Amino acid sequence: QVQLVESGGGLVQAGGSLRLSCAASGRTFSRDAMGWFRQAPGKEREFVAAINWSYGSTFYADSVKGRFTTSRDPAKNTVYLHLNSLKPVDTAVYYCAARYSSGSVYPPPTESREYDYWGQGTPVTVSS
């Protein structure tokens, strides 16, 4: 079984930064990618970023490109999302997710249904 635990969310002023962490437990074999999604109140969950677990290649939604960065630390079985130049529209609950597959694809999937395991989410609130 795979468990994902996010942390690092909080309240920040516009223009500020946060670092979210997602600690994974369980198998890494066949782990293709780790993704970040977010869901704002009253809106559907949307893709934010993803990183290929083996190679470290990254992919971002246009709305966060140049402001957010995802990285991973295989030794700690942890993935990070660095949020910079935050805007009020970034306010949401942020989720990490793990995708397992026998093959690797690039860019990684942006549809939530392509991911197999999910964390509980960590809230990010950006004040103006």
Side-chain angles (χ1 to χ4, degrees):
Q1 185 69 336
V2 175
Q3 290 187 324
L4 305 176
V5 179
E6 301 100 332
S7 61
L11 174 64
V12 64
Q13 289 188 331
S17 298
L18 284 174
R19 187 185 78 164
L20 307 183
S21 299
C22 174
S25 61
R27 68 185 179 101
T28 58
F29 178 74
S30 294
R31 182 183 297 167
D32 176 29
M34 297 289 292
W36 289 95
F37 291 77
R38 67 185 181 186
Q39 188 166 17
K43 295 188 176 181
E44 294 187 352
R45 189 172 298 188
E46 65 173 356
F47 171 79
V48 175
I51 184 166
N52 179 277
W53 186 254
S54 297
Y55 303 109
S57 50
T58 57
F59 187 72
Y60 299 93
D62 289 342
S63 59
V64 306
K65 199 174 296 182
R67 300 188 298 122
F68 293 6
T69 303
T70 187
S71 60
R72 89 253 192 263
D73 186 340
K76 295 183 178 180
N77 207 2
T78 298
V79 64
Y80 304 97
L81 184 66
H82 303 262
L83 296 74
N84 299 310
S85 302
L86 281 161
K87 306 174 182 179
V89 295
D90 295 317
T91 295
V93 176
Y94 284 72
Y95 300 88
C96 72
R99 166 179 161 87
Y100 286 79
S101 175
S102 58
S104 183
V105 297
Y106 188 86
T110 61
E111 295 292 330
S112 58
R113 63 176 181 268
E114 297 289 341
Y115 290 79
D116 304 292
Y117 299 94
W118 291 82
Q120 83 289 349
T122 185
V124 171
T125 303
V126 184
S127 63
S128 58

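Excluded from the calculations below are hydrogen atoms, water molecules and symmetry mates; all remaining heavy atoms, backbone and side chain alike, are included. Model, not experiment: these values are computed from the prediction.
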Separation of Q13 CD from S128 OG (nearest 0.5 Å): 9.5 Å
Is the CD atom of Q3 crowded by more than 12 outside heavy atoms at less than 6.0 Å? no
Which atom names give the shortest non-hydrogen contact between S17 and N84, and what distance separates them? OG-OD1, 3.0 Å
Atom pair OG1/NZ of T91 and K43 - distance to nearest 0.5 Å: 10.0 Å
Is there a continuous path of hydrophobic side-chain contacts, each under 4.5 Å between heavy atoms, that joins W53 to V2? yes
Got a donor-acceptor contact below 3.5 angstrom from the S30 side chain to the S102 backbone? no
Starting at CG of D116, measure out to CZ of R31 and round the result to the nearest 0.5 Å. 11.0 Å
Do you know which two heavy atoms are closest between L18 and G8, and how far apart they sit? CD2-O, 3.8 Å
So which heavy atom on L20 is nearest to which on W36, and how close? CB-CH2, 3.8 Å
About how many Å separate OG1 of T122 and OH of Y94, when rounded to the nearest 0.5 Å? 10.5 Å
Sort and list the pairs that fulfil salt bridge (charged side-chain N to carboxylate O under 4.0 Å, His left out) and have at least one residue in residues 88-99, not counting sequence neighbours. D32-R99, R38-D90, R67-D90, R99-E114
Mind checking the OH-OG1 spacing from Y80 to T70? Nearest 0.5 Å is all I need. 10.5 Å
Taking all non-hydrogen atoms of both residues into account, name the closest pair between H82 and S71 and its distance. NE2-OG, 3.6 Å
Would you mind reporting whether S104 and N52 have side-chain heavy atoms less than 4.5 Å apart? yes
Among all residues two or more places apart in sequence or in another chain, which pass the ring-ring contact (aromatic ring centres under 6.0 Å, His included) test with F37? F47, Y115, W118
For the residue pair L4 and A24, what are the closest heavy atoms and their distance? CD2-CB, 3.5 Å
Check whether Y60 and Y95 end up in the same hydrophobic cluster, where Ile, Leu, Val, Met, Phe, Trp and Tyr are linked by side-chain heavy atoms less than 4.5 Å apart. no
Considering all heavy atoms, the nearest G16-V12 contact: CA-CG2, 3.8 Å
Point-to-point distance, once rounded to the nearest 0.5 Å, from OH of Y106 to CZ of F59: 6.0 Å
Does E6 use its side chain to pair, donor to acceptor, with the backbone of G121 at less than 3.5 Å? yes
Under the rule for ring-ring contact (aromatic ring centres under 6.0 Å, His included), what residues qualify as partners of Y117, not counting sequence neighbours? Y100
